[in-house]
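Since we're looking at a predicted model, the values are computed, not measured. Quick note: numbers below take in every heavy atom, side chains included, and nothing from hydrogens, waters or symmetry partners.
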Amino acid sequence: MTAALWHRLRALATPARLPWLLALLLALGLLGPAQPLRVRIDLLAHDLVSTLASVRWPGQATGPTDSTGPVIIAIDDASLQALGAWPWPRTLHAELIDTLRRAGVQAIGYGVMFAEPSRQPEDDLRLAAAMRAQGRVVLPVLPLRDGSGRPQGALEPLPLLAASAAALGHAEAPIDADGRIRGLALQAGSGPQRWEALPLALQRVAATGSGGSPDSTLTAPPPGSDPARPWWRHDLRLLPDRPARMHEMSAIDLLGDPARAGVLLGRSVWVGVTATGIDPALPTPGPAGQVELLSTVRWQARVQAALEQGTLVRPLDGLWPGLLTLLPLLGMLLRPQPASPALALGWLLLPWAVATLLLTTQALWLPIGTLACAGALALLLERLMALQTARRGLREERELALATLQVLGEAVISLDGQGRIVQLNARARQWLGAGAAPGQALAALLRMPELDRRILLQALDDSRHQSAPLTPDLPLRLARGPGQADRSLLASIQPLPVPRDDQLVLVLTDLSEVMSARRQIEHDRQHDRLTGLPERRLFIEQLTQQLGPAADDGDGPALALLFIDIDRFARIGDHLGHAQADEVLQRLARRLQDSCHRSELLARWGGDQFVMLLRQAGDPDAALARARELLQRVSPDIEVGGLALGLGASIGVACAPRDGRDADTLLMRARTAMGRAKAAGGHRVAGGGADTAPPPDPRQLGLETRLRQAIEDDEFVLHYQLQFALDDGRPVGAEALLRWPREDGLWLPGRFIGLIDEGGMTVALGERVIVQAIAQLRRWREAGLAPVPVSVNISPRQCLDDRLPELVAERLAQEQVPAALLKIEITESAAMHDPQHLRGLLERLRAMGVQIALDDFGTGYSSLAHLRDMPVDQIKVDPGFVGSMEQHAGSRAIVEATIALAHGLKVPVVAEGVESARQLELLRSLGCDQVQGFLLAHPLPPDALAERLRDGSSASDHISRCSPALSPPRIT
């Protein structure tokens, strides 16, 4: 062995690579001597990966439905009870095959073994004749086993029946090492004979129309098989863990009512026993690691469904599993750098991801059990070694901590049960004095005021009776040298656990600089950083304190509040930059501060706004005069960047108690007055006064919160107003109208829709309305009604929501409601807001079959070009025009033009708000198609509307009473 090779081998044996070296050895053992264990591990891995691959994600197709897959004709308990005990006479099987032939089935896989001749030879002839007449019957072949389960050959059907069958197929389902059945061999045989798998043979017969003689195409065993073996298998395939749904029909239902066989036309059919205790159940992997017992016929039908879908899984065999197991382990063993925890975890999950990907996309099974076990072992060993390294590091850190204790900035003192010093660091010796040493009593070394001394000694005594740390609330003062300020200390006392439960650790932290910094921070928190003035929160505290509790009783002090806003200040920042704008603010603040009296408080409110409190100026005239003085202080030019800037201000004045008795009201009054001064041109003063708008009602905020909760709790309900055809009065539609049940009755949208829009809840409420309307359509259909199309209004905001078509499609599919029963109404103004975007959204809805109605037509500013291209199925005339047709010629002209325009676009017209017979007659004379209003029907709850539809009532009586001979309306 060369030195270089020895060096490389020693490098592989380093502690960092040892886990992967052991993992490689484990993999070699599982691939070699421990192969049975590897097989069991691979089976467990296959079940887990199959479960992962069978998960259906949102939007993923579910595969073929039970209307396209094979059908099972089950010889179940009911069939045996009705037609006789098992085994059935072969004439009954012949009758079943004849019934299936008349039903036009594509092919029949008969899962019953006819190996012995019947007691009545004519029965076998009858069955053979039925099979020949059908022409596409496939019979099974099974391995013949001895008493110990070893195969001894093949069990075939009677020669007469085998010759009458279109093909033979083996029906063996091999049992895996864990006693479960996961797949089958596409080919199997006995000696030189071989057969396709029964589902494969059935698929071939169904595709070609004839299977030929059973062994005409399979005369030689596959390469590498032993013709002398009594039973062999070739080309093993695994069944996926996502079986297709299959239709199953009882044999007694088929024979008793042949008309039910209509669903079998052109489909493959499996006939087999599912009755309890007759056919041995096949143990297959079930969900969550359970065992699912399937009858033989259901198993074979499931295999054929997988064949038709192309989802049978081919296991990777040969040298590939070993190579794909050893190469990743060698790669991790020979990597130049140790793997990080994230990389190691990713490596552990990678085989599972690759196996799942291959299984779902290529129907290929990659055995990963060996690789997963070896990788898990390596990662576990790596983590254990890392833990050991961490423990060693902790010991080193402890030693370092003991050394660091001596250089800490805090004084650390260990005390025994009598208060004597056990150990102290350098900082403690410095603060307590040079004479401080172990063995001395701490009380004798404390240079503290008597009160602070008693607090510390009492805290030390109290901490001996508890396990939690104890810290006195107040800083303690410790004297320094002569002429120096006392040191402010924070004491923290920690009792030591057993066996030193009588000892304490006292830590003294110097807070002198911290407290000084805290005072500075508190000042900075309450004062504006740019101008140095008090900021908003401090000002409000001072104002509230000045008003005092007596303000609520009307006896508060007389004071005034000035709200100052610099006119057109934003132009300075836009033209000169933020630095120059900040400089102007600083100089303005100094001007205002210099003009303040001792009884006044000036603060920066924010941006270019200031507030001033006049503590002794409750007289409005005096407050206004003081505000004008401040205007004069602001007016002189300020030179910045070589420019002389002339400034002005708008000042609002509010006086207590006239304009308010609390801080919020005074600030609101003063700010409103400032707004009036600015609106009047700026650089002026405006007072508060009683004509100022009242403060906002907080109950509105509560109502908005209640509305948001009502949407989440689905409190809103829908009532429905019918629409009628004007020619015969039959109901042709219904509009969904929103209602909110409250303690004082049903609230109409006019009472809350504004808050819904302002609170950003429009889209959420609109989605709930669509969901509720579609669900109601389903309930009407389940009740046996033929519901009319329901119109649902959507808001302009919802018109911009690209999720609307997906929501509608999802709910229609989930509730199984035809799209033609749903009509979406958009307002004319919403249609013109973003016509390009809205057109695409509406076209997606119409592609599903949903109808589109244009609501409130005539109230917006429609472009006829846009309206021409807009995909609408109905135009609705605004009820305002309908209601005023009798009095105003203009309204009648708008309605007439709208009807003509709609008819020109080949869409019907609905007139809303019909409340009188005169309006109804006018609409009929103008050629209107449909009407809606209180004259014909009020909005009704769902049950009441269903009752009206069930009774078949219409509006024909109202419409027929409107005679054309009525005198023309008076138009003004």
Side-chain angles (χ1 to χ4, degrees), residues 58-59 711 716 718 720 723 733-738 749 753 756-778 788-878 898 901-902 904-910 912:
I711 294 176
F716 292 93
L718 295 180
Y720 300 86
Q723 300 167 346
E735 181 177 0
L737 301 173
L738 190 64
I753 204 67
I756 291 286
D757 188 60
E758 293 175 6
M761 299 174 278
T762 308
V763 174
L765 181 58
E767 291 178 352
R768 297 294 178 93
V769 171
I770 291 174
V771 170
Q772 192 176 146
I774 295 176
Q776 185 58 55
L777 282 168
R778 173 185 57 79
V788 295
V790 171
S791 302
V792 177
N793 294 277
I794 63 172
S795 67
R797 291 190 181 183
Q798 205 167 4
C799 289
L800 302 176
D801 187 4
D802 289 331
R803 299 173 302 169
L804 179 62
E806 285 76 9
L807 172 67
V808 172
E810 177 186 346
R811 300 308 301 184
L812 288 173
Q814 182 173 342
E815 302 291 352
Q816 296 184 349
V817 172
L821 289 180
L822 180 65
K823 187 181 298 180
I824 297 296
E825 291 192 8
I826 60 170
T827 62
E828 181 186 7
S829 57
M832 295 303 106
H833 181 68
D834 188 354
Q836 297 296 331
H837 177 273
L838 183 62
R839 185 181 302 116
L841 184 141
L842 296 182
E843 287 175 350
R844 291 165 62 190
L845 288 170
R846 289 192 75 192
M848 306 175 196
V850 176
Q851 301 182 59
I852 307 299
L854 187 62
D855 196 13
D856 296 342
F857 189 81
T859 61
Y861 302 92
S862 298
S863 166
L864 294 180
H866 287 153
L867 183 59
R868 177 196 61 197
D869 299 331
M870 194 66 65
V872 297
D873 301 288
Q874 188 182 75
I875 291 179
K876 302 186 72 173
V877 182
D878 184 79
T898 301
L901 175 63
L905 296 175
K906 308 299 184 184
V907 296
V909 181
V910 179
E912 296 185 280

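At distances below 3.5 Å, at least one donor-acceptor pair connects side-chain atoms of R768 with backbone N or O atoms of I711.
Between V872 and L905, every side-chain heavy-atom pair lies at or beyond the 4.5 Å cut-off. When side chains are defined from C-beta on, V877 does not count as touching V910, because their heavy atoms never get closer than 4.5 Å. Two residues are said to be in side-chain contact when any heavy atoms from C-beta on lie closer than 4.5 Å; V788 and Q723 fail this criterion. Looking at V907 and D873, their side chains never come closer than 4.5 Å, going by heavy atoms from C-beta outward.
Annotation: the span from I770 atom CD1 to I794 atom CD1 amounts to 6.5 Å, rounded to 0.5 Å. The distance from the CG atom of L854 to the OG1 atom of T827 is 8.0 Å, given to the nearest 0.5 Å. For the atom pair I756 CD1 and S795 OG, the distance stands at 10.5 Å (nearest 0.5 Å).
Between A773 and L718 the shortest heavy-atom distance is N-CD1, 3.8 Å. The heavy-atom pair separating V808 from I774 by the smallest distance is O-CD1, 4.3 Å. Heavy-atom minimum distance, P805 versus M848: O-CE, 3.0 Å. Heavy-atom minimum distance, A736 versus V792: CB-CG2, 4.4 Å. Of all heavy-atom pairs spanning L838 and C799, the tightest one is CD1-CB, 3.8 Å. Nearest heavy-atom pair, P871 versus I852, reported as atom, atom and distance to 0.1 Å: O-CB, 3.4 Å.
Remark: Q816 CD is loosely packed, at most 12 non-hydrogen atoms of other residues, nucleotides or ligands lying under 6.0 Å away.
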Test log, rule side chain to side chain contact (heavy atoms under 4.5 Å, CB included), inputs F716 and V769: CA-CA 8 Å; F716 292 93; V769 171; over 6 Å; no
L842 vs I826, side chain to side chain contact (heavy atoms under 4.5 Å, CB included): CA-CA, chis, key distance, verdict: CA-CA 10 Å; L842 296 182; I826 60 170; 3.6 Å; yes
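For E810, there are no side chain to side chain donor-acceptor pair (under 3.5 Å) partners at least two apart in sequence or on another chain. Partners of Q772 under the side chain to side chain donor-acceptor pair (under 3.5 Å) rule, at least two apart in sequence or in another chain, do not exist in this structure. E767 meets the side-chain contact (heavy atoms from CB on, under 4.5 Å) test with V763, Q798, D801, R803, L807; sequence neighbours excluded. When the salt bridge (charged side-chain N to carboxylate O under 4.0 Å, His left out) test is applied to R811, the partners found at least two apart in sequence or on another chain are E815. Residues satisfying the side chain to side chain donor-acceptor pair (under 3.5 Å) criterion with Q851, sequence neighbours excluded, are absent altogether.
In this structure, E735 does not pair ionically with K823, as no charged nitrogen and carboxylate oxygen lie closer than 4.0 Å.
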